[in-house]
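Notes to accompany the following structure.
Position 1 is the first residue of the sequence, and the numbers go up from there. Small disclaimer: the values here were computed from a predicted structure and weren't measured. Values below: all heavy atoms of this structure, side chains included; hydrogens, waters and symmetry mates excluded.
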Amino acid sequence: MALNAAGETPGMRRVMALAAPIVVSNVTVPLIGVVDTAVMGHMPDAAYIGAVALGAVVFSFVYWGFGFLRMATTGLTAQAFGRWQAVGDAEAALALRAALARPLALAAALGLALVILQWPIGAVAFAVLNGSETVEALASIYFTIRIWGAPFTLGGYAVLGWLLGQQATRAAVAMQIATNLFNVGLSLLFVLGFGWGVAGVAAGTLVAEAAGLVFGLWLVRRRLWRTTGNAAIAVPRPVLLDRAALRQLAGVNFDIFVRTLCLVFAFCWFTDRSAQMGDRLLAANAILLQFQSFMAYALDGFAFAAEALVGHAIGARRPQALRAGIRAAAGLGFAASAVFAVAYGLFGDLLVALMTDLPQVRAATADYRWWMATLPLVSVGSFLLDGIFIGATKAAEMRNAMLVSVAAFIPAGYLLSAQFGNQGLWAAFALFMLLRAVTLGLYLPRVLRAADRR
């Protein structure tokens with residue numbers, strides 16, 4: 001039931017066919033954080049949980065800032081794939097390969113730059129973040145090891161975006177699950193088996209990122225051979241350096257870069273504010289954020305489906321299919337968010353108990369777990385709208401909406417946390433997620449009108 005030249009439009013069955021495998025694979029991404037937190041939660045001090053939380057925040061800022069390599073690649077590839085299916089000529093096939101070659105080359109350059117600049121990046125990061133002396137010392141070990149995986153991580157973003165843009169969900173699932181389960185296994189081996197502590201968590205992630213990229217490139221070559229009859233990823237230099245294509249890539253990437261930095265800054269600020277409340281609340285909030293992360297990655301499966309369907313419909317010039325894809329993804333996404341809300345409300349105590357056996361940390365989460373049952377319903381709209389705008393490559397609108405949301409979140413967070421403590425901090429976070437949906441929703445009619453004019 002895929003969209004084709006005959007004008008077939010996607011319904012809920014098509015969205016589920018795209019989203020379900022991605023949901024399954026996506027939940028393995030926060031599984032890494034869950035396992036890392038759980039392993040550290042059984043160490044003798046809450047500082048270990050806080051160290052991994054702070055170290056992960058640093059890489060959130062470093063890596064999520066380059067998340068445009070995944071998002072922009074998905075949108076541009078989806079549109080190239082729509083043109084390939086509608087036309088099917090050599091030029092369209094070349095454009096499909098170039099949709100990966102350009103961001104892959106950019107990922108390699110950016111990854112090497114991060115490795116070279118690791119000392120100033122680490123110095124600035126730990127100067128900004130506030131934790132106890134023990135937490136920061138352990139987090140520094142985590143950072144020093146994991147930063148060497150930057151080229152592999154960024155390259156993996158480009159490969160994953162290209163696979164998702166082609167609606168190659170099986171390949172994307174295989175890449176994510178293999179990488180993340182390998183990561184989980186290595187972290188358990190290095191920490192529980194070898195006793196490496198925080199260093200073992202970082203080393204497990206580093207090795208898994210390298211293996212994941214190699215596996216992903218193999219999947220790309222197989223996909224290219226089946227799709228176009230040519231397994232080569234490289235494209236001629238004039239095509240790779242095409243000015244119009246590079247301008248489009250640079251424009252979309254920059255806007256998503258700004259948007260993502262704002263998002264990561266919001267999470268960094270939340271963690272930093274938590275750290276100022278002490279190691280116990282920092283550890284509690286780190287555990288509760290894993291609930292949010294797990295839910296977000298699962299619901300992003302519907303956002304990814306929206307990305308692929310919206311981009312494909314725009315590339316094939318089928319505005320009716322675009323609207324059908326949005327309706328189907330939204331209906332299923334909101335239903336899934338309700339399932340998460342109920343599950344977190346009923347089983348929150350059990351989930352926290354699985355992640356730590358420290359009584360003081362468990363007790364600290366008790367007053368705030370109800371936010372975990374509220375946030376799925378508050379957050380789902382922003383996830384779905386992100387997918388729609390990425391598929392349409394409307395990155396400037398995403399940037400503007402995020403700037404407004406963060407500008408409201410920070411002062412609200414200061415005021416509410418000063419007045420109500422950690423409850424106020426979580427209230428501000430919920431407001432932030434809601435504002436993301438509202439501000440993007442105001443731009444949606446513009447996206448639909450632009451699709452009608454193509």
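- Using a distance-only test at 3.5 Å, with no hydrogens or angles considered, a donor-acceptor pair links the side chain of Q79 to the main chain of G391.
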Verify side chain to side chain contact (heavy atoms under 4.5 Å, CB included) between F215 and V159, making sure each step is shown before the conclusion. CA-CA 10 Å; F215 181 53; V159 170; over 6 Å; no
What verdict does the side chain to side chain contact (heavy atoms under 4.5 Å, CB included) test give for M398 and D255, after you've listed the backbone C-alpha separation in whole Å, the side-chain angles of each residue and the deciding distance to 0.1 Å? CA-CA 8 Å; M398 296 177 68; D255 289 332; over 6 Å; no
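- With a 4.5 Å cut-off on side-chain heavy atoms, M295 and F383 count as touching.
- The side-chain contact (heavy atoms from CB on, under 4.5 Å) test with E307 is passed by exactly one of D300, T77, I390: I390.
- Contact annotation: the side chain of M277 approaches that of N422 to within less than 4.5 Å [non-hydrogen atoms, C-beta and beyond].
- Taken to the nearest 0.5 Å, the CD1 atom of I256 stands 12.0 Å off from the CG atom of L261.
- Without hydrogens or angle criteria, Q118 side chain to V115 main chain gives a donor-acceptor distance under 3.5 Å.
- Checking side-chain atoms of T260 against main-chain N and O of F257 turns up no donor-acceptor pair under 3.5 Å.
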Give the C-alpha distance, both sets of side-chain angles, the deciding distance and a yes or no for side chain to side chain contact (heavy atoms under 4.5 Å, CB included) between V214 and F152. CA-CA 9 Å; V214 172; F152 309 120; over 6 Å; no
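- Scanning both residues, A95 and A80, for their nearest heavy atoms gives O-CB, 4.3 Å.
- Between I233 and L100, the closest side-chain pair of non-hydrogen atoms falls below 4.5 Å.
- Under the salt bridge (charged side-chain N to carboxylate O under 4.0 Å, His left out) criterion, R223 pairs with no residue, sequence neighbours left out.
- Looking at every heavy atom in both residues, A99 comes nearest to T73 through O-CG2, 3.7 Å.
- Atom CZ of R146 is separated from atom OG1 of T153 by 6.5 Å, given to the nearest 0.5 angstrom.
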Dump the intermediate steps for side chain to side chain contact (heavy atoms under 4.5 Å, CB included) on V201 and V191, then the final yes or no. CA-CA 7 Å; V201 171; V191 176; 3.6 Å; yes
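- Within the model, atoms CG of N180 and CD of E209 stand 9.5 Å from one another, a figure rounded to the nearest 0.5 Å.
- From D242, atom CG reaches atom CZ of R237 across 14.5 Å, with rounding to the nearest 0.5 Å.
- Note that OG of S405 is 10.5 Å distant from CG of N400, once rounded to the nearest 0.5 Å.
- Y344 and F291 have their aromatic ring centers within a separation under 6.0 angstrom.
- Side-chain contact between F432 and F270 is absent, with no heavy-atom pair separated by less than 4.5 Å.
- In this structure, CG in L299 is found 5.5 Å from CZ in F340, a value given to the nearest 0.5 Å.
- Nearest heavy-atom pair, L104 versus G155, reported as atom, atom and distance to 0.1 Å: CD1-O, 3.8 Å.
- R102 and V239 get closest at one heavy-atom pair: NH2-O, 2.7 Å.
- Between Y443 and F389, the ring planes lie perpendicular to each other; the angle is over 60°, past the 30° to 60° tilted range.
- At a threshold of 4.5 Å between non-hydrogen side-chain atoms, the residues F143 and I121 count as touching.
- You'll find the side chain of L440 stays beyond 4.5 Å of the side chain of I388, heavy atoms only.
- Counting heavy atoms from C-beta on, the side chains of P151 and L213 never come closer than 4.5 Å.
- With contacts defined as side-chain heavy-atom distances shorter than 4.5 Å, the pair Q290/L351 does not qualify.
- L163 approaches A171 most closely through the heavy-atom pair CD2-CB, 4.0 Å.
- The closest donor-acceptor contact from the side chain of S140 to the backbone of A137 lies at 3.5 Å or more, if one exists at all.
- Judged by distance alone, the side chain of T74 and the main-chain N or O of G161 form a donor-acceptor pair under 3.5 Å.
- Using a distance-only test at 3.5 Å, with no hydrogens or angles considered, a donor-acceptor pair links the side chain of W162 to the main chain of L96.
- Closest approach of L425 to S274, counting heavy atoms only: CD2-OG, 3.6 Å.
- Of the possible donor and acceptor atoms, one in the side chain of T365 sits under 3.5 Å from a partner among the backbone N and O of R362.
- The aromatic ring centroids of F429 and F267 lie less than 6.0 Å from each other.
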